[in-house]
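A short worksheet on the structure shown next.
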Amino acid sequence: MIIRFAPSPTGLLHLGHAYSALVAWDMARAEGGRFLLRIEDIDRPRCRAEYEAAIYEDLRWLGLDWPAPVWRQSARMAAYEAALARLAQMGLTYPCSCSRSDIRAALSAPQEGAARGGPDGPLYPGTCRGRSMAERRPGDAIRLDMRAVARHLGGRVLAFTETGARHAGRHRIGAADLAGLGDIVLARRDIGTSYHLAVVVDDAAQGITHVVRGRDLFAATPIHVLLQHLLGLPTPIYHHHRLIRDENGKRLAKRDGARALATLRAQGVSPAQIRRRLGLPAG
Ligand code: GLU
């Protein structure tokens, strides 16, 4: 069993991150597996070195350790480009020059009907579908052409296993599910890759067997399973855990400084108290 915790250094870790890291750690320990840390820093402008340093400090304080070197996604761009080139070669991608406001405008046009939402927000209306990769211009994003994907799959149903409490079981991904994902962005115009592509490439490259993460990412999992299939990569077992909420039931966000682990630590809270507060067994 190889498990990873994969935070983005865009803010201080809070109790929700602690929960995710500790659940993954406990699972790896229970099975004699390995726990890896991966820094997901593709969104360079939003990432900061001091947040990355704080991740190491907070996790060590919680009692975790991990093998070196720690993979940083910013150093893995060549691998993401290779995966993108492979999908392009399969005829499954197209370049897209639409801005967010172009997409909003196209979606509000009467003939488009009600905008449906996918895991990444409103479904892309397909304005640039039909452009060829040869027409790619600097500043274009690259999208996955779900119609071409459906043709490629020819009715084949994909599947993954989930072990998290809410959605436990085997999940099938058929043609209607794929259509419901929309033409997702594989490479953003600004960073040249995307969360979906990078996470799939790296989970496979690191031999991750179990993906442990928050329930908010359950809806994105069919995208990951699809990309794994298209790229000839194995599908790990997924475990989406509950989200940690504040006393008003709101999901914790990185801007909630009061619940940052660094703040709690400075207030004298111990790692054992953090575990108790999160309903986790003593470490
Ligand atoms: N980097 C993502 C985050 O911080 C986690 C991605 C994942 O676990 O798949 O939300």
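Remember, it's 1-based here, ligands and their atoms both numbered in the order they're listed. All of these numbers come straight from a predicted model, not from anything done at the bench.
Within ligand 1, the atoms closer than 4.0 Å to a non-hydrogen atom of S8 are 1 (N), 4 (O), numbered from 1 in the order shown. Those atoms of ligand 1 that come under 4.0 Å of a heavy atom in V199, given as number and element, are 9 (O). If you number the atoms of ligand 1 from 1 as listed, the ones under 4.0 Å from a heavy atom of E40 come out as 1 (N), 2 (C), 5 (C), 6 (C). Residue-ligand proximity, Y195 to ligand 1, at heavy-atom distances under 4.0 Å covers atoms 6 (C), 7 (C), 9 (O). Each of the atoms 7 (C), 8 (O), 9 (O) of ligand 1 lies under 4.0 Å from some heavy atom of R4.
In this structure a side-chain-to-backbone donor-acceptor pair under 3.5 Å is present from R143 to D183. With hydrogens and angles ignored, the 3.5 Å screen pairs a side-chain donor or acceptor of T209 with a backbone N or O of I2.
Every N/O-N/O distance between V212 and ligand 1 stays at or above 3.5 Å.
The aromatic ring centroids of F160 and H229 lie 6.0 Å or more from each other.
In this structure, the side chains of D58 and R265 come closer than 4.5 Å at one or more pairs of heavy atoms. With contacts defined as side-chain heavy-atom distances shorter than 4.5 Å, the pair C128/S97 qualifies.
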